[in-house]
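All values reported here derive from a predicted model rather than from experimental measurement.
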Amino acid sequence: MNMDYLEAFMYVVKFKSFHKAAEALYLTQPSITARIKGLERELETQLFIRQGRGITLTEKGKDFIPFAEQMIRTYQQSKEKLRSGSKKKKFTFGANMITAQYVMPEFIWFFSQQLPTLEYDVVCGGNEYILERVSRKEIDVAFVRQLDNYSEEILSHSFLDNSIHLVVHPSHPFATTQMPSAHQIAQEPLVFFECGAFNWNLVHKLFEAHNAKARIRHKVGNMEIAKSLILHQSGIGFLPKLAVKKELETGALRSIDVSHLMNFNQQIERIHSSTINLPKEIEKSIDEAAYQFEYAVPQLKVKS
């Protein structure tokens with residue numbers, strides 16, 4: 001039986017939504033729908049009843065849950081057994097999508113300078129997906145958006161600053177303005193990027209708290225499109241630090257101080273299973289690579 005089908009089924013059961021399951025697995029909703037339909041074809045039975053935007057499990061769907069859990073568990077156990085029996089185990093990093101896109105390429109280069117003989121894989125996905133795989137010990141160390149609470153099975157450490165910044169083109173009047181008001185910001189055409197990468201409610205609350213109505217010109221679901229629109233002076237916008245780090249360093253974009261309006265501090269955290277003791281050399285190399293990335297040091301020297 002296709003394991004992707006089973007995984008999609010369990011995520012839909014967990015979130016009670018095709019859309020939320022797709023977000024957690026970082027897939028499109030049509031992909032989740034196709035996997036569920038494929039599973040229903042294999043089983044020759046209907047698993048969900050679709051009612052508008054809502055879904056409910058059929059009786060046969062409910063009956064199938066323990067079997068799906070067992071098959072996934074058996075599959076994972078077999079992978080663990082085969083992996084533990086191999087001569088050399090690869091180290092596995094996990095990263096949510098914003099970290100994977102904007103941090104991991106440079107981080108991995110710095111990290112590999114410290115441990116050039118270590119073999120490793122990188123797994124990318126949404127926060128929920130990465131957390132679950134860390135819990136199952138399929139990922140050794142992961143970098144995810146900061147959460148208020150983790151299970152007792154997971155240890156977390158602060159990793160990188162990913163605060164939300166109000167960014168503008170250098171020619172924008174705000175580039176020379178000291179601490180604009182919420183009403184001044186609301187009057188500007190806004191490029192609004194919204195996804196599950198971090199808590200966008202903070203941005204909404206900024207305007208609500210000051211009784212200001214934002215003038216949203218572009219609402220997009222892609223970080224690079226949002227950034228490109230701002231670079232092309234189509235508006236100003238709130239974007240996470242990691243997404244605009246290079247542009248802020250080169251001066252292609254300017255960050256505007258809005259600390260007087262709202263606290264936009266957010267972190268990317270390093271997490272791993274509480275039952276895994278990271279080798280000291282790996283933990284040290286992760287910390288050094290993070291430091292080098294944060295402060296844009298162009299090169300690391302390999303210690304002899």
Do [X] and [Y] come close enough that some side-chain heavy atom pair is under 4.5 Å?
X	Y	answer
Gln113	Trp109	yes
Arg270	Glu283	yes
Phe67	Leu6	no

Requested in this report: Ignoring hydrogens and angles, tell me if any N or O in the side chain of Arg217 forms a donor-acceptor pair with the backbone of Val191 under 3.5 Å.
Outcome: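 No: the side chain of Arg217 does not pair with the backbone of Val191.
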Query raised in the report: Are the side chain of Arg145 and the backbone N or O of Asn127 linked by a donor-acceptor pair below 3.5 Å?
Result: no
Give the table of side-chain donor-acceptor pairs shorter than 3.5 Å for residues 9-21, with sequence neighbours excluded, one pair per line with atom names and distance.
from  : atom 1 : to     : atom 2 : distance (Å)
Tyr11 : OH     : Glu132 : OE1    : 3.3
Ser17 : OG     : His19  : N      : 3.2
Ser17 : OG     : Lys20  : N      : 3.0
His19 : NE2    : Glu23  : OE2    : 3.3

Following the transitive rule for hydrophobic clusters with a side-chain heavy-atom cut-off under 4.5 Å over Ile, Leu, Val, Met, Phe, Trp and Tyr, establish whether [X] and [Y] coincide in one cluster.
X	Y	result
Met97	Val103	no
Tyr120	Phe110	yes
Val122	Phe111	yes

Compare every heavy atom of [Y] with every heavy atom of [X], then report the nearest pair and how far apart it is.
X	Y	value
Pro240	Ile98	CG-CD1, 3.4 Å
Pro170	Arg254	CA-CG, 3.9 Å
Pro180	Asp257	CD-O, 3.9 Å
Tyr26	Gly125	CB-CA, 4.2 Å

Report task. Tell me whether the guanidinium CZ or amine NZ of Lys245 lies under 6.0 angstrom from the six-membered ring centre of Phe293 and within 45° of its axis. Result ->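 Cation-pi check for Lys245 and Phe293: passes.
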**Report entry** More than 12 heavy atoms from other groups under 6.0 Å of NE2 on His232
**Finding:**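 Atom NE2 in His232 is not packed in, count stays at 12 or less.
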Query raised in the report: Would one find more than 12 heavy atoms of other residues, nucleotides or ligands at under 6.0 Å from atom CG of Asn211?
Result: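 Atom CG in Asn211 is not packed in, count stays at 12 or less.
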If I take atom [atom1] from residue [X] and atom [atom2] from residue [Y], how far apart are they, to the nearest 0.5 angstrom?
X	Y	atom1	atom2	result
Arg50	Ile36	CZ	CD1	7.5 Å
Glu188	Arg215	CD	CZ	7.5 Å
Ile268	Gln146	CD1	CD	9.0 Å

Query raised in the report: Angle class for the Phe91/Phe93 ring planes (parallel below 30°, perpendicular above 60°, tilted otherwise)?
Result: perpendicular
Query raised in the report: Side-chain donor-acceptor pair under 3.5 Å between Ser158 and Gln267, yes or no?
Result: yes
Query raised in the report: Are Thr74 and Gln70 linked by a side-chain donor-acceptor pair shorter than 3.5 Å?
Result: yes
Query raised in the report: Thinking salt bridges, do Glu40 and Lys60 make one under a 4.0 Å N-O criterion?
Result: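 No, this pair does not count.
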**Report entry** Lys/Arg-Asp/Glu bridge criterion (N-O < 4.0 Å) met for Glu224, Lys227
**Finding:** yes
Query raised in the report: What do you reckon, are the aromatic ring centroids of His204 and Phe192 less than 6.0 Å apart?
Result: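 Yes, they do, as the ring centres are separated by less than 6.0 Å.
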Requested in this report: Take Ser181 and His183, measure what side chain to side chain donor-acceptor pair (under 3.5 Å) needs, and give me the verdict at the end.
Outcome: CA-CA 5 Å; Ser181 69; His183 286 276; over 6 Å; no
